[in-house]
A.B. asks: 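Here's a structure for you.
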Amino acid sequence: MATLVTGPVRVRFAPSPTGFLHVGGVRTAIYNELLRLHCGGVFVLRIEDTDKARSDEAMTRQIQDALSWTGIRWDEGPFLQSERLPRHAERAAELLAADKAYRCFCTTEELEAQRAEAQKHGGSFRYPRTCAHMDPDEIARRIEAGQTFVVRFRAPDANITFFDLVRGDMDFPPEAIDDFILLRSDGSPTYHMSVVCDDIDMTITHVIRGEDHLSNTPKHVPLFQAFGAAVPTFAHLPLILGPDKKRLSKRFGATSVEEFRAEGILPEALYNYMSLLGWSPGDDREIVSREEMGRIFDVDRLNASAAVFDREKLLWMNSQYMGSSTLDQIRPHLDSFLVEAGLTGADPARLSTVLELHRSRARTLRELVQSVVCYFRDEIPYDAEASKKFLADLDLPVHLAALRDRFAEVEAFGKDPLEAALRAVAEERGVKPSVLIHPTRTALSGANGGPPLFDLVAAMGKDETSRHLGHFIAYLRRGGALPEHQD
RNA sequence: GGCGCAUUCGUCUAGGGGUCUAGGACGUCGCCCUCUCACGGCGGGAACACGGGUUCGAAUCCCGUAUGCGCUACCA
């Protein structure tokens with residue numbers, strides 16, 4: 001099949017501000033942006049904040065921040081759906097005037113009873129059109145009597161068909177929907193009314209949204225038609241699942257942009273990873289920038305089946321981005337982690353050196369910063385496994401003391417002289433260099449892995465190296481006990 | 001319950017009737033590199049849900065079954 005979508009498009013992302021921006025929402029936004037990037041056109045941001053109980057201004061702000069951070073750019077908006085409610089009601093009234101909708105006086109209680117009855121007999125409930133053909137005089141009389149009513153759409157009795165870019169031709173029987181409500185008894189428009197009205201007014205050409213809307217679409221299509229508007233092309237994206245194959249939940253860790261940001265994921269990595277969850281370029285490319293993605297994006301390659309969110313792969317991808325970026329590129333994202341680690345006052349040059357040294361070894365920004373605090377602290381925790389091993393070697397404190405003294409004599413405190421010094425001490429004491437190397441690493445960094453030792457020592461500096469070794473020797477002599485503080 | 005959607009290695013995926021003894025990536029295991037860890041390189045193990053068709057030939061098309069998920073509001 002050739003390219004399904006050509007020419008300029010008008011797409012929209014329409015989240016409801018109900019808290020953090022969920023990864024499912026991010027992916028929907030990304031595919032909207034990608035289609036817009038590929039085809040040209042306009043990407044509209046619309047905040048569906050009509051459920052006032054759950055929405056507020058701060059949440060709306062938060063969605064924009066989360067999108068911006070991820071690197072998603074929209075061309076128009078944000079439009080607030082709540083500000084367009086009068087327009088929606090006005091359009092619904094047009095339908096009522098044209099007899100494409102009608103007033104329904106049935107009470108919630110009556111409908112509840114009918115619904116319960118229908119379900120008891122194993123069927124699904126559809127509004128039985130009790131008020132569909134009410135006499136005009138009767139309507140007038142009831143309004144006069146002060147009875148409230150809702151406005152219902154006169155749903156067609158024909159099959160409803162539409163095209164979905166992900167699933168192909170869709171065909172729903174008339175029973176799939178009923179005469180759903182357009183206007184509530186207080187006159188406010190329902191979601192279906194608002195969405196369709198906005199999509200028409202904003203001349204949306206392609207509706208890309210989550211699969212949970214698929215069964216809403218048979219309601220929307222005849223509504224577009226009732227207004228004589230062009231029906232947009234749909235693309236219903238499959239859901240994102242957790243490791244348990246159920247809807248992704250907090251139980252398995254971060255699920256929102258804000259949380260990934262706080263964990264130290266780079267926005268480029270999140271964008272890249274999310275865009276590949278349900279879509280692929282068709283070749284072996286995996287590390288793809290937003291720009292490249294926009295160039296090669298093709299709706300035809302969107303997947304129809306749900307995808308499990310794989311944290312491990314996101315982490316891998318993040319480490320790829322951390323490794324291939326320059327420190328300057330990463331630096332702006334590091335601030336909050338530096339604050340968290342108490343390194344805001346750290347010497348910038350020293351900080352840069354050690355961050356560079358550890359950059360390729362961390363999977364997240366947080367890990368990176370954590371791995372570097374040892375350069376700025378005298379007291380550091382030692383890796384349990386490593387210290388257990390070194391405590392067993394009773395000669396070690398003496399070896400390390402000799403090494404500390406030798407390091408203190410090294411004039412040019414650089415990689416090569418340091419290595420020569422350590423090897424000399426090892427030879428004098430009749431042990432292999434590695435017998436000194438590994439505990440020294442633990443003494444300085446606390447870890448049992450990390451950068452090449454002599455890079456580590458050189459970056460640490462003479463005084464700090466001496467202090468760290470001193471602390472570790474004392475720690476070993478105490479048999480691993482915590483230091484005794486006096487006063 | 002009804003309606004709908006989906007089903008290729010543990011996970012993300014390639015695959016559009018023969019080129020599939022099913023390719024790549026993450027993870028995993030082994031080896032190499034090496035002062036350690038990470039990177040990198042090499043290699044191993046690992047999948048077409050099941051049953052019927054259609055066809056000379058099916059992972060690919062059709063129908064069932066199973067399983068999973070979604071929807072089923074005067075919520076969005």
Side-chain angles (χ1 to χ4, degrees), chain A residues 1 14-18 48-51 53-55 81 104 106-108 111-112 115 118-126 148-152 164 166-167 170 172-173 175-178 180-192 194-195 210-218 236 238-239 241 243 245-247 273 276-287 301 303-317 319-320 323 358-363 371 386 419 422-423 432-438 440-442 445 447-454 456:
Chain A
M1 201 184 296
S16 48
T18 54
E48 307 210 326
D49 59 343
T50 53
D51 187 5
R54 301 195 301 186
S55 310
Q81 199 161 61
C104 166
C106 298
T107 65
T108 308
L111 294 171
E112 281 301 323
R115 196 190 323 277
Q119 273 167 2
K120 203 164 67 185
H121 296 300
S124 64
F125 175 72
R126 295 175 70 224
T148 59
F149 59 87
V150 299
V151 174
R152 285 184 183 273
D164 188 293
V166 176
R167 287 151 229 277
M170 303 297 297
F172 287 82
E175 304 86 71
I177 63 169
D178 67 354
F180 57 93
I181 294 170
L182 263 21
L183 249 33
R184 302 186 186 97
S185 51
D186 66 357
S188 65
T190 59
Y191 165 73
H192 303 296
S194 292
V195 170
E211 189 189 78
D212 42 347
H213 287 288
L214 186 58
S215 33
N216 287 150
T217 307
H236 288 96
L239 268 17
L241 273 26
K245 303 275 179 104
K246 295 193 193 310
R247 221 172 176 147
Y273 177 73
L276 257 25
L277 207 55
W279 184 83
S280 83
D283 53 31
D284 292 341
R285 277 178 287 188
E286 294 217 281
I287 305 294
R301 301 191 58 83
N303 270 120
S305 53
V308 172
F309 186 89
D310 186 359
R311 211 185 135 67
E312 285 298 315
K313 190 154 186 176
L314 203 217
L315 253 20
W316 168 79
M317 197 167 275
S319 68
Q320 293 291 306
H358 287 261
R359 186 163 57 92
S360 68
R361 272 165 259 268
R363 293 206 297 179
S371 72
E419 177 157 8
L422 182 138
R423 289 189 185 279
K432 287 190 294 185
S434 63
V435 171
L436 301 180
I437 287 173
H438 300 304
T440 303
R441 173 176 293 107
T442 300
S445 69
N448 58 5
L453 182 73
F454 304 106
L456 170 58

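Protein chains get the first letters and strands the later ones, always in sequence-line order, with residue 1 at the start of each.
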A.B. asks: Distance check needed: B:C12 P versus A:Arg285 CZ, whole Å only.
C.D. replies: 22 Å

A.B. asks: How long is the line joining NE2 of A:His192 and C1' of B:C71, in whole Å?
C.D. replies: 10 Å

A.B. asks: Please confirm whether the shortest side-chain N or O distance from A:Lys246 to OP1 or OP2 of B:C69 is below 4.0 Å.
C.D. replies: yes

A.B. asks: May I ask you to evaluate whether A:Gln320 reaches the phosphate of B:A38, defined as a side-chain N or O under 4.0 Å from OP1 or OP2?
C.D. replies: no

A.B. asks: Using the C1' atom on both, measure B:A49 against B:C9 and round to a whole Å.
C.D. replies: 14 Å

A.B. asks: Less than 4.5 Å apart, side chain to side chain, heavy atoms only: is that true for A:Val308 and A:Lys245?
C.D. replies: yes

A.B. asks: Could you state the CH2-C1' distance from A:Trp279 to B:G15, rounded to the nearest angstrom?
C.D. replies: 16 Å

A.B. asks: To the side chain of A:Glu211, which of B:C5, B:U7, B:C12 is closest?
C.D. replies: B:C5

A.B. asks: Which nucleotide, B:G4, B:A76, B:C35, lies nearest any side-chain atom of A:His213?
C.D. replies: B:A76

A.B. asks: With respect to the side chain of A:Ala307, which nucleotide from B:C12, B:C5, B:A25 is positioned closest?
C.D. replies: B:C12

A.B. asks: Paired with B:A46 by Watson-Crick or G-U wobble geometry, both distances under 3.5 Å: which nucleotide is it?
C.D. replies: none

A.B. asks: Whole angstroms only, please: what is the CZ-P distance between A:Arg167 and B:C69?
C.D. replies: 16 Å

A.B. asks: Please report the distance, rounded to the nearest Å, between CD in A:Glu286 and C1' in B:G27.
C.D. replies: 13 Å

A.B. asks: Of all the choices, B:C26, B:G70, B:A14, which nucleotide is nearest to the side chain of A:Ser280 once you look at every atom?
C.D. replies: B:A14

A.B. asks: In whole Å, what separates the P atom of B:U55 from that of B:G43?
C.D. replies: 44 Å

A.B. asks: In whole Å, measure the gap between the P atoms of B:A73 and B:A58 for me.
C.D. replies: 45 Å

A.B. asks: Can you tell me the distance, in whole Å, between the CZ atom of A:Arg247 and the P atom of B:G70?
C.D. replies: 6 Å

A.B. asks: Starting the side chain at C-beta, find the nucleotide from B:C37, B:A76, B:U7 nearest to A:Arg361.
C.D. replies: B:C37

A.B. asks: CD of A:Glu312 versus P of B:G27: gap in Å, rounded?
C.D. replies: 7 Å

A.B. asks: How far, in whole Å, is B:C39 from B:G30 if one measures between their P atoms?
C.D. replies: 15 Å

A.B. asks: Given B:A76, B:U13, B:A6, identify the nucleotide with an atom nearest to the side chain of A:Tyr191.
C.D. replies: B:A76

A.B. asks: Can you find a pair of side-chain heavy atoms, one from A:Phe309 and one from A:Tyr273, that are under 4.5 Å apart?
C.D. replies: yes

A.B. asks: Compare all side-chain heavy atoms of A:Thr190 with those of A:Leu183 and state whether any distance is below 4.5 angstrom.
C.D. replies: no

A.B. asks: Quick one: A:Asn303 CG to B:U7 C1', roughly how many Å, whole number?
C.D. replies: 12 Å

A.B. asks: If the P atom of B:A22 is compared with that of B:G45, how far apart are they to the nearest Å?
C.D. replies: 11 Å

A.B. asks: Name the residue closer to the 5' end of RNA chain B, choosing between A:Leu277 and A:Ala304 according to the nucleotide with the nearest heavy atom.
C.D. replies: A:Ala304

A.B. asks: In whole Å, measure the gap between the P atoms of B:C56 and B:C69 for me.
C.D. replies: 41 Å

A.B. asks: With a non-hydrogen cut-off below 4.0 angstrom, is A:Met317 in contact with a base, only sugar-phosphate, or nothing?
C.D. replies: nothing

A.B. asks: Can you tell which of B:C71, B:C12, B:C69 lies closest to the side chain of A:Val308?
C.D. replies: B:C12

A.B. asks: Let me spell it out: for each of A:Val150 and A:Leu276, pick the nucleotide of RNA chain B with the closest heavy atom. Which residue's pick is nearer the 5' end?
C.D. replies: A:Leu276

A.B. asks: Let's test this: given Watson-Crick or G-U wobble pairing with both distances under 3.5 Å, identify the partner of B:C9.
C.D. replies: none

A.B. asks: Can you tell me the Watson-Crick or wobble partner of B:C31, both distances under 3.5 angstrom?
C.D. replies: B:G41

A.B. asks: So what's B:U36 paired with, Watson-Crick or G-U wobble, going by both distances under 3.5 Å?
C.D. replies: none

A.B. asks: If we call it a pair only when both distances are under 3.5 Å in a Watson-Crick or G-U wobble match, what pairs with B:G2?
C.D. replies: B:C71

A.B. asks: When the C1' atoms of B:A59 and B:U8 are compared, how many Å lie between them, rounded to an integer?
C.D. replies: 7 Å

A.B. asks: Hey, does A:Leu422 have a side-chain heavy atom less than 4.5 Å from the side chain of A:Leu453?
C.D. replies: yes

A.B. asks: Between A:Arg301 and B:G16, does any side-chain N or O lie under 4.0 Å from OP1 or OP2?
C.D. replies: no

A.B. asks: I want to verify a distance call: between B:C35, B:U11, B:A6, whose nearest atom is closest to the A:Leu453 side chain?
C.D. replies: B:C35

A.B. asks: Taking the same atom, C1', in B:G64 and in B:U7, what whole-Å distance lies between them?
C.D. replies: 15 Å

A.B. asks: Where the side chain of A:Ser305 is defined as all heavy atoms beyond and including C-beta, which of B:C35, B:C69, B:U7 is the nearest nucleotide?
C.D. replies: B:U7

A.B. asks: Using OP1 and OP2 only, check whether a side-chain N or O of A:Ser215 sits under 4.0 Å from B:U72.
C.D. replies: no

A.B. asks: Could you check, using the six-membered ring where one of them is a Trp, whether A:Phe180 and A:Tyr191 have ring centers closer than 6.0 angstrom?
C.D. replies: no

A.B. asks: Is the closest side-chain donor-acceptor distance between A:Asp186 and A:Ser188 under 3.5 Å?
C.D. replies: yes

A.B. asks: Below the 4.0 Å mark, does B:G1 have OP1 or OP2 next to a side-chain nitrogen or oxygen of A:Arg115?
C.D. replies: no

A.B. asks: Does B:A58 pair with anything, Watson-Crick or G-U wobble, both distances under 3.5 Å, and if so, with which nucleotide?
C.D. replies: none

A.B. asks: With a 4.5 Å heavy-atom cut-off, do A:Leu214 and A:Arg167 have their side chains touching?
C.D. replies: yes

A.B. asks: Do A:Ser280 and A:Arg301 have side-chain heavy atoms sitting under 4.5 Å apart?
C.D. replies: yes

A.B. asks: Just name whichever nucleotide pairs with B:U19, Watson-Crick or G-U, keeping both distances under 3.5 Å, else none.
C.D. replies: none

